[in-house]
Amino acid sequence: MTGRGVSAAAGDYLLWCEVLAGLGHTGIATHLQSGNAVFRSDSEDADALAAALEQALRERFGFAVDCLVRDAAYLAAVADACPFPAAELEGRQLHVTYVDRPLDPERFADLDAEAFLPEEFRLGDRCVYLYAPDGLGRSKLAVELGRPRHVKGIVATTRNWNTVAKLVELTRD
């Protein structure tokens, strides 16, 4: 499970774990202060799990938090499909933005990718891979990709490659 804004909003990871446990989930663990938690659930409906979690967070903390729920197979597939040489890069140079639906390449048709080189992006299965050699904080391409014309109406959350790899590790059976 990955969530946008949960780490800053929830603050207290014990409360975050309590919310997940209150929904009947087990095997709960959080990863640093990344806004990520892993858990086991009897349900395989990721959208229903995300909706239930959003409702529980809203009730517990008094504000809305968009959530994405992804299973272990999906997280591993995203890591395996990385179009960039992840093993050769520092974790801060490579990012994955997970999104709530498939992205139409037309959303990015007006983006002059060459203008941002050596930074690059590629669309994946409900994700965007971003290579930013100087890190996300200095990335002009990341700013462009985050503009409303590209992401309007999409729930998205970005993780660096270290977190991507850790989530794959945490969700292995």
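Only a predicted model underlies this, so the values are computations on that prediction, with no experimental measurement involved.
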**Item:** side chain to side chain donor-acceptor pair (under 3.5 Å) against Arg40, all qualifying residues, sequence neighbours excluded
**Value:** Asp173
**Fill in**
Closest non-hydrogen atoms of Leu57 and Cys67, given as atom of the first, atom of the second and distance, are CD1-SG, 3.7 Å
**Asked** Under the 3.5 angstrom rule, does the side chain of Arg138 hit a backbone N or O of Pro133 as a donor-acceptor pair?
**Response** no
**Request:** Mind checking the CG-CZ spacing from Leu167 to Arg70? Nearest 0.5 Å is all I need.
**Result:** 12.5 Å
**Prompt:** Which heavy-atom pair separates Asn162 from Gly91 by the least distance, and what is that distance?
**Reply:** OD1-CA, 3.4 Å
**Item:** Non-hydrogen side-chain atoms of Asn160 and Leu136 separated by less than 4.5 Å
**Value:** no
**Message:** Any heavy-atom pair between the side chains of Leu103 and Ile154 that's under 4.5 Å?
**Reply:** yes
**Message:** How long is the straight-line distance from CG of Leu117 back to OH of Tyr131, given to the nearest 0.5 Å?
**Reply:** 10.5 Å
**Asked** So, for Ser43 and Leu49, which heavy atoms are closest and what is the spacing to 0.1 Å?
**Response** O-CD1, 3.8 Å
**Item:** Non-hydrogen atoms of Ala37 and Leu20 that approach each other most closely
**Value:** CB-CD1, 3.6 Å
**Asked** Does the ring centre of Phe121 sit less than 6.0 Å away from the ring centre of Phe116?
**Response** no
**Message:** Any non-hydrogen side-chain atom of Leu141 less than 4.5 Å from a side-chain atom of Leu111?
**Reply:** yes
**Prompt:** Could you state the interatomic distance from CG (Leu170) to CG (Leu75), rounded to the nearest 0.5 Å?
**Reply:** 10.0 Å
**Message:** Looking at every non-hydrogen atom in both residues, tell me the closest pair between Arg58 and Ala64 and how far apart they are.
**Reply:** NH1-CB, 3.9 Å
**Item:** Validation row: Tyr98, Val164 side chains within 4.5 angstrom (heavy atoms)
**Value:** yes
**Item:** From Lys140 atom NZ to Leu145 atom CG, the distance as rounded to the nearest 0.5 Å
**Value:** 14.5 Å
**Request:** For residues Leu94 and Cys82, report the shortest heavy-atom separation together with the two atoms involved.
**Result:** CD2-SG, 3.6 Å
**Message:** For a side-chain contact (heavy atoms from CB on, under 4.5 Å) check, start with the C-alpha distance between Leu53 and His25, then their side-chain angles and the critical distance, and finish with the verdict.
**Reply:** CA-CA 11 Å; Leu53 183 53; His25 304 308; over 6 Å; no
**Request:** Using modelled atom types only, decide if a donor and an acceptor are shared between the side chain of Arg107 and the backbone of His150 within a distance under 3.5 Å.
**Result:** yes
**Message:** Does Asp104 have more than 12 heavy atoms from other residues, nucleotides or ligands lying within 6.0 Å of its CG?
**Reply:** yes
**Prompt:** Is there any salt bridge (charged side-chain N to carboxylate O under 4.0 Å, His left out) pair reaching into residues 110-132, and which pairs are they, with sequence neighbours excluded?
**Reply:** Asp110-Arg149, Glu120-Arg122
**Asked** Should Val65 and Val151 be counted in the same cluster of Ile, Leu, Val, Met, Phe, Trp and Tyr side chains packed under 4.5 Å apart?
**Response** no
**Item:** Test item: Thr97 and Leu130 side chains (from C-beta on) under 4.5 Å apart, heavy atoms
**Value:** no
